[in-house]
Amino acid sequence: MSNVFKGRQRIVIYLTMIPGLLVFLLFGIVPSISTLIISFTNFTAIPGLPTNFIGLANYVYIFVNNAQGFIQSVEDTLLFAGGVIILQNVLGLWMASTLTKKFPGVTFFRTLVFMPAVLGVTVIGLMWTLIFAPSGGPAAGLLSLFGTSSAFFGSTTWALPLVIFVQIWANLGFTTVVFIAGMNTVPRELHEAAMIDGATGWTNFWKVTFPMIAPSVTVNVILAAAGSLRTYDLIYVLTDGTNNTNTLGMYMFNTAFQGSSNLGLGAGIGILQFILTVIVVLILQKYLMRREEAMS
C-alpha cells in the first residue's frame, strides 16, 4: 500500500511540475532556439524585405570582418562585469558583517539596504539620471562647491564607473541578504573559541566567518557575474550605450532594434554574449567550488 501511495505522490509531483515546465519551455527554451535560428538569417522584421538563410555570414562578419564596435563592446562588458563582481561582493560582505551585529535600528537598516532591489530598472535609471544631471542636479551642485564640473553619464571618463555604481546600488541588497543568511549559519561556538585563542575581530572574520560562508560567496559571485554580463536595460536608460558603456547587451540591442534593425546580426551577437556568459560562469564556478572543498 505504501508503495502505491508513493507512486501516486510521484505522479502528483510530476503533474504539479508540468505548468512550470511549460512556462519555461514557452518563454525560455523556444525564444533561445528562435534566436539561434534567426542568427543564421538576414531577418530585419521590416515589411516587404525577404528573409534568407545565410549560414554563418553574421558570425563571419563579426569576427573576420571585425564588425564595428564589437571588440570595444567585449572590453566594455568585461570591465563592467569585473567591477560589479568585485565591488558588489566586497561591499555586500561589509554590509552583511555590519548588519549581523545587534544595535538599535538594525532591522530598519536591513530594509533600507534591500529597498533598491524592489525598484524597477526604469525608476532606478531615471532617479540616478536626475541626481547626476550635469545642469541642476545634486551631484553637479556638490561639484560646483569645489569649483569643478562633470558631464557624468555624458563623460567618457565617468560614464562606465557611474553605471557600475548604479548597478551595484541596485543589487547590493540581495547580495547582502545572501551573506547575512550565510553568516547566521556560522556556529557561535566557533567565534567564542577563536576569541578565547586571542583572535581579534578582523582575524575572527577572516579565519572563521569567511571560510564558513564559502557557499554564499559562490552564489553571490555567480549571480553577479551572470547578471552583469547580460545587463543592458539599466545601461539603456542611463547612457544608451554611449561613452564607453556599449556592453554586448547594448551592442546587441542597438544592432537589432535601432539603425538598420538587423535582427539576424543582433541575434548572432546575443548568442556570442550567451557563450561568453557561460564560459565566465563555468570558470568562476569551477574555481569557487574548489575553494569550497579546500575550506571544508
More than 12 heavy atoms of other residues, nucleotides or ligands under 6.0 Å from [atom1] of [X]: is that the case?
{"X": "F174", "atom1": "CZ", "answer": "no"}
{"X": "F274", "atom1": "CZ", "answer": "no"}
{"X": "Y236", "atom1": "OH", "answer": "no"}

For the residue pair [X] and [Y], what are the closest heavy atoms and their distance?
{"X": "P211", "Y": "W206", "answer": "CD-O, 3.3 Å"}
{"X": "T255", "Y": "G266", "answer": "CG2-N, 3.9 Å"}
{"X": "S216", "Y": "V178", "answer": "OG-O, 3.6 Å"}
{"X": "P134", "Y": "S150", "answer": "CB-O, 3.9 Å"}
{"X": "M252", "Y": "G270", "answer": "SD-CA, 3.3 Å"}
{"X": "A96", "Y": "F179", "answer": "CB-CB, 3.4 Å"}

Hey, could you give me the [atom1]/[atom2] distance between [X] and [Y], rounded to the nearest 0.5 Å?
{"X": "I180", "Y": "L93", "atom1": "CD1", "atom2": "CG", "value": "11.0 Å"}
{"X": "N42", "Y": "N58", "atom1": "CG", "atom2": "CG", "value": "8.0 Å"}
{"X": "L112", "Y": "T107", "atom1": "CG", "atom2": "OG1", "value": "12.5 Å"}
{"X": "F80", "Y": "I85", "atom1": "CZ", "atom2": "CD1", "value": "10.0 Å"}
{"X": "Q273", "Y": "T277", "atom1": "CD", "atom2": "OG1", "value": "5.5 Å"}
{"X": "L276", "Y": "I269", "atom1": "CG", "atom2": "CD1", "value": "13.0 Å"}

Has the side chain of [X] got a donor or acceptor atom that lies under 3.5 Å from a matching backbone atom of [Y]?
{"X": "T77", "Y": "L248", "result": "yes"}
{"X": "N243", "Y": "F153", "result": "yes"}
{"X": "S155", "Y": "A151", "result": "no"}
{"X": "N246", "Y": "S73", "result": "no"}

Is any side-chain heavy atom of [X] closer than 4.5 Å to a side-chain heavy atom of [Y]?
{"X": "F40", "Y": "Y59", "result": "yes"}
{"X": "T247", "Y": "T231", "result": "no"}
{"X": "L282", "Y": "K286", "result": "no"}
{"X": "T239", "Y": "L160", "result": "no"}
{"X": "I283", "Y": "I279", "result": "yes"}

Would you kindly confirm whether [X] and [Y] end up in one hydrophobic cluster when ILVMFWY residues are joined by side chain heavy atoms under 4.5 Å apart?
{"X": "F114", "Y": "L172", "answer": "no"}
{"X": "L78", "Y": "F70", "answer": "yes"}
{"X": "I168", "Y": "L99", "answer": "yes"}
{"X": "M289", "Y": "V280", "answer": "no"}
{"X": "L126", "Y": "W128", "answer": "no"}

Could you check N171, T176, T175 and say which one makes a side-chain hydrogen bond (donor to acceptor under 3.5 Å, both in side chains) with Q88? T175

Show the numbers, then the answer: is there a ring-ring contact (aromatic ring centres under 6.0 Å, His included) between F253 and F257? CA-CA 6 Å; F253 179 84; F257 301 106; 5.4 Å; yes

Between I62 and L272, is a side chain to side chain contact (heavy atoms under 4.5 Å, CB included) present by the stated rule, with each step listed? CA-CA 10 Å; I62 293 172; L272 295 177; 3.8 Å; yes

Residue pairs passing the ring pair (Phe, Tyr, Trp, His ring centres under 6.0 Å) test where at least one lies in residues 83-108, sequence neighbours excluded: none

Test V221 against Q285 for side chain to side chain contact (heavy atoms under 4.5 Å, CB included), laying out the working first. CA-CA 9 Å; V221 169; Q285 185 179 36; over 6 Å; no

Taking it one step at a time, do N184 and T100 satisfy side chain to side chain contact (heavy atoms under 4.5 Å, CB included)? CA-CA 8 Å; N184 286 336; T100 49; 4.2 Å; yes

Would you please indicate if the ring centroids of W158 and F132 are separated by under 6.0 Å? no

Taking the hydrophobic residues Ile, Leu, Val, Met, Phe, Trp and Tyr, and joining any pair whose side-chain heavy atoms are under 4.5 Å apart, which ones share a cluster with F146? L142, L145

Given side chain to side chain contact (heavy atoms under 4.5 Å, CB included), test M250 with T245 step by step and report yes or no. CA-CA 8 Å; M250 274 307 310; T245 62; over 6 Å; no

